[in-house]
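Read the structure below first, then the notes.
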Amino acid sequence: MQIGELATEAGVNTKTIRYYEARGLLPPPSRTEAGYRIYGEGDLDRLRFILKGRAIGLSLAEIGSVLGLRDDGQEPCEHVRVLLDEKLAAIDAQLRALNELRVEFVSLRGAADRTSASDDCVCGIIERHETARSAAAAPLTSAPRPTRARAR
């Protein structure tokens, strides 16, 4: 099949196929005498594997490492297990960070109802809030903010 047929079968753009070839994820295709790329079922299977890898969140470099192991005749599943463990650890770290941020927002939202407006700052809700991160950092000293004049 030609590149357009391969693209249609896989549900991708022909530019995607050329990009994967340039990255070494797809092998250089055979060519007709006129220079048209010719692909086989193996190329379609490999392209579908790349797309499934992308769908589960693997980078092209990670997919390339899996394909490289297979191309060298090695079993890549243990390598995939390691990649999945790394992805899970990254997700766990993101979840912890998001939970900390949520706790901070809940605290800030509760304080917002108890904070009154004032002309001596931009927004007291933000400026008077002590975050866990800012409390741990050394306080910065600066000159007091000038009072903003009200528009009439």
Side-chain angles (χ1 to χ4, degrees), residues 1 3-29 37 39-148 150:
M1 67 186 99
I3 194 167
E5 296 167 304
L6 179 65
T8 299
E9 283 290 320
V12 298
N13 189 302
T14 57
K15 290 180 181 180
T16 301
I17 294 170
R18 288 186 191 99
Y19 180 69
Y20 290 165
E21 287 174 11
R23 293 283 310 257
L25 298 171
L26 289 172
R37 293 172 162 90
Y39 300 92
E41 286 299 316
D43 297 309
L44 179 58
D45 292 341
R46 190 171 177 111
L47 181 55
R48 286 179 174 155
F49 178 84
I50 294 166
L51 296 172
K52 285 181 181 181
R54 294 294 292 150
I56 65 168
L58 295 179
S59 69
L60 291 180
E62 291 166 334
I63 293 167
S65 68
V66 173
L67 289 170
L69 288 170
R70 174 54 76 192
D71 292 344
D72 289 341
Q74 299 176 42
E75 173 58 49
C77 288
E78 183 56 38
H79 177 63
V80 171
R81 285 183 192 94
V82 170
L83 291 175
L84 293 174
D85 287 342
E86 291 171 357
K87 297 288 184 190
L88 286 168
I91 289 169
D92 288 342
Q94 286 178 323
L95 287 172
R96 281 190 300 276
L98 284 171
N99 191 50
E100 290 172 9
L101 184 60
R102 185 181 190 291
V103 167
E104 180 118 2
F105 280 167
V106 167
S107 170
L108 183 58
R109 184 60 183 97
D113 290 335
R114 298 184 301 274
T115 302
S116 59
S118 167
D119 285 339
D120 66 341
C121 64
V122 175
C123 177
I125 296 169
I126 295 171
E127 292 185 30
R128 293 185 187 103
H129 180 69
E130 280 295 319
T131 66
R133 290 179 297 250
S134 66
L140 298 175
T141 57
S142 62
R145 292 182 57 97
T147 306
R148 293 179 9 155
R150 285 196 171 169

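When reading the values below, keep in mind they use all heavy atoms of this one structure, side chains included, and skip hydrogens, waters and symmetry mates.
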Rounded to the nearest 0.5 Å, what separation is found between the [atom1] atom of [X] and the [atom2] atom of [Y]?
X: Thr8; Y: Asn13; atom1: OG1; atom2: CG; answer: 10.0 Å
X: Leu83; Y: Glu78; atom1: CG; atom2: CD; answer: 10.0 Å
X: Leu44; Y: Met1; atom1: CG; atom2: CE; answer: 5.0 Å
X: Leu60; Y: Tyr19; atom1: CG; atom2: OH; answer: 5.5 Å

Can you name the nearest heavy-atom pair linking [X] to [Y], along with the distance?
X: Thr14; Y: Ala7; result: CG2-CB, 3.8 Å
X: Leu51; Y: Ala10; result: CD1-O, 3.6 Å
X: Gly53; Y: Ile63; result: C-CD1, 3.6 Å
X: Leu67; Y: Phe49; result: CD2-CD2, 3.7 Å
X: Arg23; Y: Ala61; result: NH2-N, 4.0 Å
X: Tyr20; Y: Ile50; result: CE1-CG2, 3.5 Å

Pairwise salt bridge (Lys or Arg N to Asp or Glu O under 4.0 Å) hits with a residue in residues 87-97, at least two apart |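 Listed by first then second residue: Glu62-Lys87.
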Quick one: list whatever passes side-chain hydrogen bond (donor to acceptor under 3.5 Å, both in side chains) with Ser65, sequence neighbours left out.
->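 Here the qualifying residues are His79.
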Tell me the side chain to side chain donor-acceptor pair (under 3.5 Å) pairs involving residues 41-56, sequence neighbours left out?
->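 Non-adjacent pairs meeting side chain to side chain donor-acceptor pair (under 3.5 Å): Arg46-Asp71.
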If you measure from the Lys or Arg side-chain nitrogens to the Asp or Glu carboxylate oxygens, is any gap between Arg18 and Glu21 under 4.0 Å?
->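 Salt bridge: no.
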Check the pair Leu84 / Val80 against side-chain contact (heavy atoms from CB on, under 4.5 Å), numbers first and verdict last.
-> CA-CA 6 Å; Leu84 293 174; Val80 171; 4.0 Å; yes
